[in-house]
Amino acid sequence: MASPPTWLLSRDESIGQKFEQIMNKDPLGSQVQSDSIIIAIGTSLGITAAVFLIFLFLRPFNTIVYAPRLRHTDEKHRPPPLDKTLFAWYKPVFKTNEDYYVDRIGMDATVFLRFARMCRNMFITLAVFGCAIVIPVNILYSIKQGQINQDLSKESKYIFVMMTPSQLYGEVFWAHVVVAYLFDIIVCGFLWWTYRAVHRLRRTYMEGSEYQNSLHARTVMITDVSKNYRTDNGLAEITDSIKTTPEVPRTTIGRNVKDIPDLIEAHEEAVIQLEGVLSKYLKNPAQLPAERPLCRPSKRDPESTNRKEKVDAIDYLTARIQRLELKIKEARETVDNRDAMPFGFASYETLESAHTVAFAARSKHPQGTTIRLAPKPKDIIWKNLLLNPSQRRGRRFVMNMWITLLTVLYFIPNAGIAIFLSKLNNLALFWDAFKTEMTVHPKFWAVVQGVLAPALTSLFYYFLPIIFRRLSIKAGDQSKSSREKHVLHQLYAFFIFNNLVVFSIFSAVFQIIMSALAARQGDASFTAVVRSIEPFQQLMGALCNVSAYWVTWLVQRNLGAVIDLSQAVNLAWGSFSRKFLNPTPRELIQRTAPPPFDYTSYYNYFLFYATVTLVFGSLQPITLVVTAFYFTLDSWMKKYLLMYVFCTKNETGGLFWRVLFNRMLFGAFLANVVTACLVATKGGPSQYVMAGSMAPLPFLLLGFKFYCKWAYDHSMKYYTHGETTKGTEGQTPIDKESRRRDRVATRFGHPALYQKLTVPMVHEKSKHLLAEVYRGRLDGDVGDNAAFGDVYSMKRMSKENPGKTVTTAASPFEFVSENNMDFENFKDRAEFNSDRGSMYGESIRPDSPSTLWGENGRGRPSSRGSNRIGDEAGVTYPTGYHQTPSALREYSPSPETGLRQMESNSSQPYQVHDQHTLLSGAAPMGQQGPGAYTPYSPDRDGDMKIDYFRK
């Protein structure tokens, strides 16, 4: 009978030898493990230094990549200037204090840097105490107990083993109990100190002018409204039922926009696709390709009958854009005829009133509703406001099922990396050819183990946040801020379970199984086998062994931090795409803008590094040193990036802190569990006494959590709860007249009602070819303006000079020259700055006559560098929106004729194309007031006058 393959494990006398090798008693395994740590540290530090030098030389000559915030932010938020010297960044990074840059980078960025500095100082302190206590105790007692010969202890392959408690047994573990208490005291001390600092920053932020004068800070969001209360008056009754303030809010109930958001999304996708087609087709204006581009019709296009057959891309996308524009226009005009939705907003004149109502309603549900402070309008996920509590619960259950499935599916590759790739000598036991190769080239395979294994572990997690964000939206999160907090929670739980618990235990389970196979002789019972292999001893020994992997993994994080600083990906991709691809003008403009900072991913990495280090700090104290070094570097690097490169997409005002605080405490608790298991397994006669002495630690951590919650949480979130940090004379002045004129229905209306449709952007060098490109579209069949070719060839009459034609051709395109494809020229446009906060030219919603039509009723200045042809008249309102009379309205809709008269008299920089614009003058939405009615009447100059009629 044929013998089995040599790489399969057979039950013979070689099992004992393999078991000995698995337990790290073979020189090969120990040598590779020690060498992998040394090589990982050396390569990481070497590459880090090289990349940092590259950053020093490239930074002065690439301000688009290394200082976009310096180029684009307004004066208030602009960071300190930088010159062309190599070390110009030193003073802003090391000499700028927190009070200076808090106004320039925002609260979220400030709290992030504060958290990074806390981790740096915490782990430096932990490293000092851990290395001063744990390493000497482990090494001395390992030699004293005779587990390792004193001569062998000098060899490098044993030094990392001696630092761990794998060779210890007995009373020596009282030192680990003391270290566990000391570590918890240090962690809680730094958390408490930082909690106080974040609380002070948060209170200062709430007393600042931006927060005090913002409408969202004085507004509460009401969800789950029953049908009986879905009116403006109904919302007022709900808020009045709380009886916390005599102030009467201005309220607005949400309206059903139905498929308008989907139509706008489809329209934007078609515009982006058309831009890409034109960019490729018109790449060389002097010689167009012989064949026109083709594409398959969209699956979402009901007008397409045969989606498998390719059609002319330019013609099809042109017609699709036109159809979508007509549908959006028709849908917007019928919004008022549709039913009200189960959500609304109530705005108060004073900040204290809104926060008092939200604080009082935090644990109540008046009339079955949920009342909370309103997020910023652009932070709201509007489609999820329509879900009722049962729908959200059902969706959350489905999301949890998907996350569980993803966790289970990741079990297979995680097991392979944990058992074999993180410790290659395990693979060598099953594969004789690989064992021979590993013996011949141990240095090479040490590099593979020290570099490749951690890299593969990190690769999967690049896409994981994207998956979790989509799942959280499906689960019903009502704001992007809450979505990010939930994603952070899910990422952290996934990382801890898969990358820490499962990964580390897999290696231990593998060793236990191999030990059982080696220990079983004949018909020995299962109980006898378990007693003979001592599984808990095997488990703790495996955790000590796998700590070497986490040292190499943490070392690689230093390389990741400096790669972030170098912006190597942005530099490489920008150069590659310009040379080998056909980027559209929109893409080129967006690449010069400050990129949004992914707080969720970076916070998750910080928390995961901290948790791993706390867990393995007592098992392998070198992890404390490596992590302290990482946070020291990254706290400086991230400060530069947040000051000069990145921007905050959705400002939460520092409310990420509670999530971070809770997970740092969980990391300390998990570290206590591991230490308790260690002393209960290897503590000798006093093992249970040692474990019992650690029992108070979880309760002390829990008590510390509740103390901080009681002392700080409410006053961090609610303005009226707690003492202010300023005197009365230092309070921000309140513009009551401006607050009274806030139009809640406009500011908190669904963006689909106001959003200006995206217009295709084309390179100016191709402007003269558009007539030729669209020449075949004169027989279009989509309404009166079906073909762009018709419009392109028309002569449009000037509004400023009746009887005269405009000097530029009318076209629904925006032409951008090569020299003006810069974010600086477009930062006041909502389509470009919607993801970049309010520091780069706030996208303006029409909340008052001045913001709608510019100063004194005039239009805003145009974006520099673009020759905009077509509609840019600003945002619009559906003409039928809120037409129903209400005696409680403070502002009434303007007559359509009045708006048209004003539109014709105002000097618009972007002329309205009569046939293509969907953004025609329309009535703004009404609002509910305590009893005032404010009609608008345009005067003969086209400016708006406001007459107030009090009851």
Side-chain angles (χ1 to χ4, degrees), residues 43 46-72 268-269 271-289 293 295 313 451-452 455-456 458-466 556 559-598 601-602 637 640-641 644-647 649 760-766 816-827 831-832 835-836 865:
T43 55
I47 298 176
T48 297
V51 175
F52 183 72
L53 289 176
I54 294 174
F55 162 77
L56 291 181
F57 287 101
L58 291 181
R59 183 203 60 81
F61 308 103
N62 293 273
T63 57
I64 292 178
V65 174
Y66 293 111
R69 292 189 75 252
L70 188 61
R71 302 174 65 242
H72 302 310
E268 185 172 356
E269 290 177 358
V271 168
I272 300 300
Q273 188 177 356
L274 178 60
E275 288 180 346
V277 170
L278 291 176
S279 177
K280 184 177 181 180
Y281 185 66
L282 303 175
K283 179 180 180 181
N284 184 6
Q287 184 177 2
L288 295 179
C295 73
V451 177
L452 182 60
L456 289 179
S458 303
L459 180 62
F460 173 74
Y461 302 105
Y462 175 80
F463 301 99
L464 199 59
I466 301 174
Q556 284 195 358
L559 182 57
V562 76
I563 289 177
D564 280 345
L565 178 67
S566 68
Q567 292 292 291
V569 176
N570 289 341
L571 277 174
W573 175 248
S575 301
F576 174 81
S577 62
R578 274 184 173 271
K579 188 172 183 180
F580 299 102
L581 303 179
N582 301 293
T584 66
R586 189 182 308 276
E587 292 172 342
L588 293 174
I589 293 169
Q590 290 174 341
R591 288 175 191 172
T592 64
F597 188 76
D598 190 357
S601 295
Y602 284 109
M637 295 176 182
Y640 174 85
L641 292 174
Y644 291 98
V645 179
F646 289 107
C647 64
K649 184 175 181 179
M761 302 183 79
V762 182
H763 200 293
E764 193 174 38
K765 67 181 181 180
S766 306
V816 187
S817 64
E818 182 72 30
N819 296 330
N820 291 303
M821 292 184 188
D822 194 291
F823 179 71
E824 178 65 23
N825 301 321
F826 298 87
K827 64 182 181 181
E831 57 190 297
F832 288 100
D835 292 344
R836 294 175 175 86

Min side-chain heavy-atom separation Arg59-Tyr640 under 4.5 Å: yes
Of all the heavy-atom pairs spanning Leu282 and Leu288, show the shortest one and how long it is. CD2-CD2, 3.6 Å
Would you say the side-chain atoms of Thr584 pair up with the backbone N or O of Gly276, donor to acceptor, closer than 3.5 Å? no
Note: Gln567 and Tyr66 closest approach over all heavy atoms is CB-CE2, 4.1 Å
Can you tell me how far apart OG1 (Thr43) and CG (Leu559) are? Round to the nearest 0.5 Å. 8.0 Å
Minimum side-chain heavy-atom gap Pro594-Phe823 below 4.5 Å: yes
Output the distance between atom CG (Asn570) and atom CD1 (Ile64), rounded to the nearest 0.5 Å. 12.0 Å
Sub-3.5 Å donor-acceptor pair from the side chain of Ser279 to the main-chain atoms of Glu275, do we have one? no
Could you state the interatomic distance from CZ (Phe52) to CZ (Phe57), rounded to the nearest 0.5 Å? 11.0 Å
In short, Phe646 meets Pro596 closest at the heavy-atom pair CD2-O, 3.7 Å
Can you measure from NZ (Lys579) to CG (Leu581) and round to the nearest 0.5 angstrom? 12.0 Å
Please find the pair of heavy atoms, one from Lys827 and one from His72, that lie closest to each other, and give the distance. NZ-O, 2.8 Å
Using the six-membered ring wherever Trp is involved, compare the ring planes of Phe832 and Phe826 and label them parallel, tilted or perpendicular (cut-offs 30° and 60°). tilted
Intermediate values then yes/no, side-chain hydrogen bond (donor to acceptor under 3.5 Å, both in side chains), Arg591 and Ser577: CA-CA 11 Å; Arg591 288 175 191 172; Ser577 62; 2.4 Å; yes
Tightest non-hydrogen contact, residues His763 and Pro585, listed as N-CG, 3.7 Å
Closest non-hydrogen atom pair between Asn820 and Asn825, with its separation: O-ND2, 3.0 Å
What's the spacing between Met821 CE and Glu764 CD if we round to 0.5 Å? 8.5 Å
Can you tell me how far OG1 of Thr63 sits from CZ of Arg69, rounded to the nearest 0.5 angstrom? 14.5 Å
